[in-house]
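A, B, ... follow the sequence lines: proteins, then strands. Residue 1 opens every chain. Everything quoted here is computed from the prediction, not taken from an experiment.
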Amino acid sequence: MRFGDRLNFEIECNPELFELQIPQLLIQPLVENAIKHGLSKITGNGLIKIVITKDEKKLSLKIYDNGPAFPHGPLPGYGIRNTQERIILLYGKNASINWNNTPEKFIAINLTFKNQELF
Amino acid sequence: MISLASTYRTLIADDEQPARNRLRKLLSDYPDKIELIGEANNGIECLEMIDRLKPDLLFLDIQMPGLNGFEVLQKCEHSPIVIFCTAFDEFALKAFETNSIDYIVKPIKAERIQMSIEKLDMLRQNSDKNDLLRIIDNFIRQAPRKEFTAIPVKLGDRMLLVRLEDIIYFSAEEKYVTIHIRDGKTYLSDLTLKSLEEKLAGKFLRIQRSLLINLNRIKEIRKHFGSRFVIKMDDFSQTKLTSGRNYNEQIKNVMEI
């Protein structure tokens, strides 16, 4: 609503993952960040892309946006911090977060598992 | 009452289409006062339109991409009457209790617009660019700083966010900064002590060239010889850190000792 035509989004997810369950609102704060600190800061059209992939070892949830790069240094806010705490509580060492600015800006939640048993 | 003033040539600047639509609709109730001459959907466009179209009146959003509303006003040459339309907090709004401008908190109500329109002639008389710039300056200085909550640390291909409240102190050795956690764990960071000191001012204190400590994690301070202090930290091993001679005054000021 707020951004009208400026907010474009794509979701890439293999249909075989449609039945997979992840904790409620797990990626919501990350998508919110992508809008708040990414898309809302640029004058052109914003693109948010969610890419979900799974191989034998790992499920990866990536959120891309075309806004300004993640800052280097201390971070304000609680979005990523709470997300990290939640996944560590739920999945312990099998969960991690990482982010990148180049070649594309994204933040990812990675869940590794053995024997496809995690979910 | 017949107004002697001609219509106000008016520009709307807001990055959100629905907000512009709403304002446009509300302003259409005042055809004898308001003549809409343009709409800008970001700060850069707004700046260009102000100086090209030279509007009498500008409805200006503060949070816009490109340039924010304040930056637009600092850069533009032409100075219209400004009515801020903002979702900003009350603290910010205090700055605008002045006659040279008006402010409206979004979502905009028809009655509030009516008040602004009624005030217009008064605003026109008192409009003074310097006054406005002074207010903006003041506001920017008072604006709350971002509250930092965590430091990202790279561990191989993963990132770990270390919570500020878990950090006892930072130490610097040559190029690297080590983060010391309450339970004795340490992490390496590629940030500099200087940038951390600046960003974490008020929460962390530099006590010597290579140490930055968490003010909330101090257990005990003792005087040491040669204008120095020994500071015992509130971590598991009760780490003792010795301050530098040159930081004596700074420590006394912050600790009020």
Problem - Contacting region of Thr43(A) [heavy-atom separation from chain B under 4.5 Å] - result: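 The answer is both parts of Thr43(A).
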Practice task
Could you look at Ile42(A) and say if it's the side chain, the backbone, both or neither that has a heavy atom under 4.5 Å from chain B?
Solution key: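 Interface part for Ile42(A): backbone (N, CA, C, O).
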Handout entry: Region of Leu160(B) in contact with chain A, defined by heavy-atom distances below 4.5 Å
Key =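 Both the backbone and the side chain of Leu160(B) come within 4.5 Å of chain A.
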Problem - Contact origin within Asn68(B) toward chain A - heavy atom pairs under 4.5 Å - result: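 Neither part, no heavy atoms under 4.5 Å.
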Handout entry: Distance (rounded to the nearest 0.5 Å) between Lys199(B) NZ and Lys194(B) NZ
Key =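 Reported to 0.5 Å precision, the distance equals 11.0 Å.
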Practice task
Heavy atoms only, distances under 4.5 angstrom: which of Glu45(B), Lys154(B), Glu165(B) has the most pairs with chain A? Name it, please.
Solution key: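 Among Glu45(B), Lys154(B), Glu165(B), the one with the most close pairs to chain A is Glu165(B).
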Exercise for the section: Pick whichever of Asp190(B), Val162(B), Leu164(B), Ile44(B) has the most heavy-atom pairs under 4.5 Å with chain A. Expected result: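 The candidate making the most pairs under 4.5 Å is Asp190(B).
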Practice task
Begin from the C-alpha positions of Asp15(B) and Met64(B) and carry the test side chain to side chain contact (heavy atoms under 4.5 Å, CB included) through to its verdict.
Solution key: CA-CA 6 Å; Asp15(B) 61 321; Met64(B) 287 188 295; 4.0 Å; yes
Exercise for the section: Could you tell me whether Lys219(B) atom NZ has more than 12 heavy atoms of other residues or ligands within 6.0 Å of it? Expected result: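 Counting neighbours around NZ of Lys219(B), 12 or fewer heavy atoms of other residues, nucleotides or ligands fall under 6.0 Å, so no.
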Exercise for the section: Walk me through it: do Phe59(B) and Ile113(B) pass the test side chain to side chain contact (heavy atoms under 4.5 Å, CB included)? Expected result: CA-CA 11 Å; Phe59(B) 285 89; Ile113(B) 277 283; 4.0 Å; yes
Exercise for the section: Determine, for Lys203(B) against Glu147(B), whether the closest basic-nitrogen to carboxylate-oxygen distance falls under 4.0 angstrom. Expected result: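 The answer is yes: the pair qualifies as a salt bridge.
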Exercise for the section: Indicate the ring-plane relationship of Tyr169(B) and His180(B), choosing parallel, tilted or perpendicular according to the 30° and 60° boundaries. Expected result: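 Geometry flag for His180(B) against Tyr169(B): parallel rings.
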Practice task
Considering only heavy atoms and a distance below 4.5 Å, find which of Arg81(A), Lys41(A), His72(A), Arg6(A) pairs most often with chain B.
Solution key: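 Most heavy-atom pairs within the cutoff with chain B belong to Arg81(A).
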